[in-house]
Amino acid sequence: MIDKDRLLGIVREAGRIAHARWPGDGHALESWDKTPGNPVSESDLEVDRFLRRELAALLPSAGWLSEETIDDKARTDSDLLWLVDPIDGTRDFVRGRPGWSVSVALVSSGKPLIGILIAPARGEEWCAVAGQGATLNDRPLIASARQEFSGARVPIDQLPSADSDLVMVEKPNSIALRIAMVADDRADLVATLRWGFEWDVAAAALIAREAGAEVSDAFGNPLAYNKHDPRDFGVLVCSPGIHAAAVERLADRASQLK
């Protein structure tokens with residue numbers, strides 16, 4: 001096993017690099033759209049380069065998959081893989097909002113071993129090691145234990161009419177931070193109904209699972225990592241007591257959208 005403290009130091013430094021350019025502290029930042037409505041900034045690329053260099057030095061045998069790097073399918077030949085989102089929640093980042101994080105996971109045989117989220121603008125450091133629990137700023141996490149689906153807290157900007165029995169709470173742009181909110185019992189349910197990439201959720205999904213949450217795709221199936229096509233349809237993270245009800249609530253919509 002790699003040195004967890006050294007890994008945490010690397011990801012913490014990546015967060016410092018990003019935070020040093022964050023417009024929320026008055027810094028100038030160059031950004032542009034990769035595709036319409038899909039922003040990227042110079043900080044995304046700078047953090048990506050830093051993490052690729054440092055993580056390769058830390059564990060040379062691991063493959064690499066990042067949002068900001070062209071996917072080299074040779075990664076699928078490796079048992080170990082770094083899954084990286086240099087800045088998850090770039091929309092919040094470029095707008096000077098605090099809802100962004102640096103996300104790093106180490107995956108072995110399709111399963112996350114270590115997951116780290118650093119959110120400097122929120123003063124948050126999330127960490128999980130498979131089988132060893134999850135922490136926020138060194139405080140052990142216990143996920144939502146809600147048993148009733150109606151009234152579940154969801155980090156969302158607006159609820160669909162079909163879900164008016166749910167309760168809106170704060171929604172950071174970073175999907176990883178929204179998932180982590182379930183791990184910290186700030187939310188009961190996070191669900192998406194679109195194709196999403198492994199780097200978006202790997203670290204946060206491990207944090208949530210190690211805190212006691214249920215984690216699946218939109219249909220209730222387990223997530224797997226280092227696939228040839230590194231996507232899953234939707235992610236569903238919630239209290240174990242409402243997982244079956246959440247899958248049932250989403251089933252028709254998921255089938256129509258997939």
Side-chain angles (χ1 to χ4, degrees), residues 1-8 10-11 51-52 55-56 58-67 69 71-86 88 101-118 125-136 140-144 174-184 190-192 195-240 243 246-247:
M1 179 58 71
I2 65 172
D3 184 335
K4 175 188 165 185
D5 290 336
R6 184 177 169 196
L7 173 59
L8 180 58
I10 291 170
V11 186
L51 286 172
R52 188 167 194 181
L55 296 178
L58 181 64
L59 191 61
S61 61
W64 174 266
L65 179 60
S66 164
E67 180 173 11
T69 308
D71 184 6
D72 181 355
K73 300 298 183 180
R75 63 177 167 77
T76 59
D77 297 328
S78 176
D79 177 67
L80 294 167
L81 177 73
W82 291 112
L83 266 171
V84 172
D85 195 340
D88 183 51
S101 64
V102 178
S103 175
V104 173
L106 177 64
V107 169
S108 175
S109 300
K111 297 180 180 180
L113 290 179
I114 302 175
I116 296 175
L117 298 178
I118 301 292
E125 295 186 354
W126 309 74
C127 185
V129 177
Q132 298 182 28
T135 60
L136 167 58
L141 292 171
I142 300 176
S144 164
S174 164
I175 181 64
L177 288 177
R178 300 201 297 273
I179 291 170
M181 289 171 65
V182 178
D184 194 31
V190 169
T192 65
W195 288 99
F197 288 95
E198 295 176 10
W199 56 69
D200 289 321
V201 301
L206 179 63
I207 291 165
R209 193 189 75 198
E210 286 295 316
E214 191 79 18
V215 178
S216 70
D217 70 11
F219 297 99
N221 302 312
L223 299 177
Y225 302 91
N226 203 13
K227 302 185 297 296
H228 183 79
D229 179 357
R231 300 181 302 160
D232 287 289
F233 185 78
V235 62
L236 173 58
V237 180
C238 62
S239 162
H243 185 258
V247 171

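Fair warning: this is a prediction, and the values are worked out from it, not measured in the lab.
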Anything under 3.5 Å between a donor and an acceptor, one on a side chain of residues 202-216, the other on a protein residue two or more places apart or in another chain? List them.
from: Glu210; atom 1: OE1; to: Gly131; atom 2: N; distance (Å): 3.2
from: Glu210; atom 1: OE1; to: Gln132; atom 2: N; distance (Å): 3.3
from: Glu210; atom 1: OE1; to: Gly133; atom 2: N; distance (Å): 2.8
from: Glu210; atom 1: OE2; to: Gly131; atom 2: N; distance (Å): 2.9
from: Ser216; atom 1: OG; to: His243; atom 2: NE2; distance (Å): 2.9

Go through it in stages, so that I can follow the logic: the residues are Val102 and Leu51, the test is side-chain contact (heavy atoms from CB on, under 4.5 Å), and I'd like the CA-CA distance, side-chain angles, deciding distance and then a yes or no.
CA-CA 10 Å; Val102 178; Leu51 286 172; 4.0 Å; yes

Passes side-chain contact (heavy atoms from CB on, under 4.5 Å), Ile175 versus Asp88? Steps please.
CA-CA 7 Å; Ile175 181 64; Asp88 183 51; 3.7 Å; yes

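- Here CG of Leu136 is found 5.5 Å from CG of Asp184. Values are rounded to the nearest 0.5 Å.
- Contacts of Asp232 classified as salt bridge (Lys or Arg N to Asp or Glu O under 4.0 Å), with partners at least two apart in sequence or in another chain: Lys227.
- A donor-acceptor pair under 3.5 Å is formed between the side chain of Thr192 and the backbone N or O of Val235.
- For the atom pair CH2 (Trp64) and CH2 (Trp82), the distance works out to 9.0 Å, reported to the nearest 0.5 Å.
- With contacts defined as side-chain heavy-atom distances shorter than 4.5 Å, the pair Val129/Lys4 qualifies.
- Atom-to-atom distance recorded for Leu8:CG and Asp3:CG is 10.0 Å, nearest 0.5 angstrom.
- Under the side-chain hydrogen bond (donor to acceptor under 3.5 Å, both in side chains) criterion, Ser66 pairs with Asp48, not counting sequence neighbours.
- The salt bridge (Lys or Arg N to Asp or Glu O under 4.0 Å) search around Asp5 returns none, not counting sequence neighbours.
- When the ring pair (Phe, Tyr, Trp, His ring centres under 6.0 Å) test is applied to Tyr225, no partner is found at least two apart in sequence or on another chain.
- Heavy-atom minimum distance, Val190 versus Arg178: CG2-O, 3.3 Å.
- Counting only heavy atoms from C-beta outward, the side chains of Leu55 and Leu59 never approach each other to under 4.5 Å.
- Residues passing the side-chain hydrogen bond (donor to acceptor under 3.5 Å, both in side chains) test with Asp85, sequence neighbours excluded: none.
- Between Arg6 and Leu58, some side-chain heavy-atom pair lies under the 4.5 Å cut-off.
- By the side-chain hydrogen bond (donor to acceptor under 3.5 Å, both in side chains) test, Trp126 pairs with Glu124, sequence neighbours left out.
- In this view, Thr135 and Cys127 satisfy the side chain to side chain contact (heavy atoms under 4.5 Å, CB included) rule, not counting sequence neighbours.
- Of all heavy-atom pairs between Asp200 and Ala176, the closest is O-CB, 3.9 Å.
- Ile142 is linked by a side chain to side chain contact (heavy atoms under 4.5 Å, CB included) to nothing, counting only residues two or more places apart in sequence or in another chain.
- You'll find the side chain of Glu67 stays beyond 4.5 Å of the side chain of Phe197, heavy atoms only.
- Checked against side chain to side chain contact (heavy atoms under 4.5 Å, CB included), Arg75 has the following partners two or more places apart in sequence or in another chain: Leu65, Asp71, Lys73, Leu81, Asn226, Pro230.
- The CD1 atom of Ile118 sits 4.0 Å away from the CD atom of Glu125 when rounded to the nearest 0.5 Å.
- Closest of all the heavy-atom pairs between Ser78 and Ser61 is OG-O, 3.2 Å.
- Every side chain to side chain contact (heavy atoms under 4.5 Å, CB included) that Asp217 has, sequence neighbours left out, goes to Phe219, Asn221, Leu223.
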N/O donor-acceptor pairs under 3.5 Å from side chains in residues 107-116, not counting sequence neighbours:
from: Ser108; atom 1: OG; to: Asp79; atom 2: OD2; distance (Å): 2.9
from: Ser109; atom 1: OG; to: Asp79; atom 2: OD1; distance (Å): 2.4

